Amino acid sequence: MAKVAVLGYGVVGSGVVDLFYKNKHQIEKKAGEEVEIKYILDIRDFPDSPYKDKLVKDFNIIVNDDDIKVVAECMGGLEPAYSFVKACLEKGKSVSTSNKELVAEKGAELLAIAKKMDCNFFFEASVGGAIPIIRPLHRCLGANEIKEISGILNGTTNFILTKMINEQMSFEDALNLAQSLGYAEKDPTDDVDGNDACRKICILASLAFGKHVYPKSVYTKGIRDIALKDVEFAKAWGGSIKLIGSVKKLDSGKIHISVEPKLVPYSNLISRVDDVFNAVMVVGDAVDKTMFYGRGAGKFPTASAVVADLIESIKHDRMVFSQYWGESTDSNYVEEYCKAQSRMYFRVDKMNSDLFGDVEYISADDNDEIAFVTHIMCIKDAVKLKIKLEENGIKVKSMISVLDID
Ligand code: NDP
Ligand code: HSE
């Protein structure tokens, strides 16, 4: 019989335990043996939990118990999650985590320990919640050279944008609702300011290109500056504004990577992904475009991915199936953000066709302001254009790049 421990009994951890007992029979069939959750670690008391006999507060009980072969880490944050996961792997216990901060900051090191200790470090739940993306990217698309990955990687912000746009809900009410549904991070500014999506695109980039990409090297901008006027102009143009994490491999071997709101044309399925749903588009040299879609956050959708990793670990005991990437030693690996190329959307307060140049104007009903989309240009040149417009008394209210996947 395989004995499992769950670290953290919050939204995801309780989902893991509930889902496990709901589908225990089927899970055991897939794992190939009987499975039992022996411990649940949390700092809080849960006197009403049906699993209160399994609750412990001392991590040492788990790490020192040789019966425990597999651990699900669902506490979140860097510490003590990092120390606990490292200690488990060093004892040869496989770990499945939903913690993207941990993977984005310490993935290369933890994967190396897992490999050395003949156990697995799995993190399917760390990107896209319920969406199978880590294993498909690593295994099913393994024959491809990955060219580009772009998508909606944060459920909370997509949920907020959808509520604000479709139901005219205020930002605060939409965020409160996302929190009450268990979607948001402990510190929701991580969602709103793009840090959570940044960690996820770093994980995907590391996996796709084999070198650890750290969040600090990624240009990251959240949804705070999106105005309803931009949303209206976007609709009139034929698209929507979404928070997009994106990475592209350049011919130079470097990568362009960013998290920022982008104008997504309706011709791209991502533009129609609403609510807490996420969507990731992966472009490979053999497959062309593939799309992965599903619930990006929430108790059971996320637990689904964590439990699947537990099954995989139990089934493949002592066989290392972990996805792998190495430490990054090249400090120039990430290309400067301002060298990226894109069409650019501008919203300005005055017309001046001489200064705007050859652009596509957007007509909207309420047009006391002007919006247009440029041809493909370097971000550096877009910034120069913005400065030039402002020097000429034109206020630039928004400047947003367009998601064009070619
Ligand atoms: P929660 O805050 O709901 O759960 C975390 C639990 O771990 C809490 O009960 C917390 O207690 C407990 N905990 C914290 N520190 C310790 C410790 N030192 N020892 C024991 N228990 C501890 O978070 P979530 O379940 O929402 O998220 C967990 C992880 O999963 C995060 O990394 C998150 O980013 C990720 N994730 C979350 C998703 C979601 O939809 N919620 C989706 C995908 C990933 P206390 O509350 O007292 O701090
Ligand atoms: N806060 C995250 C989100 C949880 O909203 O996407 C899932 O990773």
Side-chain angles (χ1 to χ4, degrees), residues 5-18 39-46 49 55-63 71-85 87 95-106 123-131 133-134 151-162 174-175 177-201 203-204 222-223 242-243 245 259 273 275-280 294-307 309:
V6 178
L7 314 184
Y9 194 48
V11 174
V12 179
S14 67
V16 167
V17 176
D18 290 351
Y39 304 114
I40 303 167
L41 179 85
D42 205 287
I43 39 185
R44 286 186 287 160
D45 292 316
F46 296 88
S49 165
L55 276 151
V56 294
K57 291 191 177 180
D58 181 3
F59 169 69
N60 289 309
I61 295 172
I62 294 170
V63 75
V71 174
E73 188 277 303
C74 312
M75 297 187 304
L78 255 195
E79 281 295 357
Y82 166 61
S83 303
F84 288 3
V85 167
V95 174
S96 153
T97 185
S98 57
N99 184 340
K100 41 271 150 105
E101 187 174 3
L102 177 69
V103 184
E105 295 292 348
K106 302 288 182 185
F123 42 90
E124 186 62 65
S126 68
V127 180
I131 306 177
I133 177 66
I134 300 291
I152 298 172
L153 299 173
N154 183 268
T156 300
T157 44
N158 207 41
F159 179 84
I160 292 172
L161 289 173
T162 307
L175 175 56
L177 189 53
Q179 285 181 295
S180 67
L181 290 167
Y183 299 158
E185 294 302 294
K186 195 167 195 163
D187 175 357
T189 57
D190 276 351
D191 297 294
V192 173
D193 292 331
N195 301 326
D196 179 73
C198 172
R199 291 169 186 144
K200 291 165 176 166
I201 196 66
I203 295 169
L204 295 178
I223 61 166
K242 297 288 183 189
L243 182 64
V259 172
V273 172
D275 214 288
V276 73
F277 285 82
N278 286 188
V280 189
R295 286 185 181 273
K299 174 171 168 156
F300 286 111
T302 311
S304 157
V306 178
V307 175
D309 278 352

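Counting convention: from 1, in listed order, for ligands and their atoms alike. Note that the coordinates shown come from a computational prediction; the quantities given were computed from them, not determined experimentally.
- Where the criterion is an N or O separation shorter than 3.5 Å, residue side chain and backbone included, Gly182 meets it with respect to ligand 1.
- Residue contacts with ligand 2: Gly129 is excluded, as none of its non-hydrogen atoms falls under 4.0 Å.
- Residue contacts with ligand 1: Pro80 is included, with a non-hydrogen atom under 4.0 Å away.
- At the top of the distance list for atom 15 (N) of ligand 1, counting protein heavy atoms only, stands Ile43 CD1, 3.9 Å.
- No donor-acceptor pair under 3.5 Å is formed between the side chain of Ser98 and the backbone N or O of Cys74.
- Salt-bridge formation is detected for the pair Lys100/Glu185: a Lys NZ or Arg NE/NH1/NH2 atom is positioned less than 4.0 Å from an Asp or Glu carboxylate oxygen.
- Ligand 1 has no N or O atom lying under 3.5 Å from any N or O atom of Lys299, backbone or side chain.
- In terms of polar-atom proximity, Glu185 is counted as a contact of ligand 1, with an N or O under 3.5 Å from an N or O of the ligand.
- The shortest N or O to N or O distance between Val12 and ligand 1 is under 3.5 Å.
- For ligand 1, none of its N or O atoms has an N or O atom of Tyr183 under 3.5 Å away.
- Considering only non-hydrogen protein atoms, atom 28 (C) of ligand 1 sits nearest to Cys74 O, 3.3 Å.
- For atom 12 (C) of ligand 1, the closest non-hydrogen atom of the protein is Asp42 OD2, 3.3 Å.
- A donor-acceptor contact shorter than 3.5 Å links the side chain of Glu73 to the backbone of Gly76.
- Residue contacts with ligand 2, taken as heavy atom pairs separated by less than 4.0 Å, do not involve Val276 at all.
- Under a 4.0 Å criterion applied to the non-hydrogen atoms of Ala297, ligand 1 contributes the atoms 40 (O).
- The closest protein non-hydrogen atom to atom 48 (O) of ligand 1 is Lys186 NZ, 2.8 Å.
- For Glu185, a nitrogen or oxygen atom sits less than 3.5 Å from a nitrogen or oxygen atom of ligand 2, counting backbone and side chain alike.
- The Arg44 neighbourhood of ligand 1 comprises atoms 8 (C), 9 (O), 11 (O), 45 (P), 46 (O), 47 (O), with distances under 4.0 Å to a heavy atom of that residue.
- Taking a cut-off of under 4.0 Å to the non-hydrogen atoms of Asn99, the atoms of ligand 1 that pass are 32 (O).
- Using cut-offs of 30° and 60° for the angle between ring planes, the Phe59 and Phe84 rings count as parallel.
- Looking at Gly298 next to ligand 1, an N or O pair under 3.5 Å apart turns up.
- Polar contact with ligand 1: present for Val11 (N/O pair, distance under 3.5 Å).
- Salt-bridge check for Arg295 with Asp275: failed, with every basic side-chain N at 4.0 Å or more from each acidic carboxylate O.
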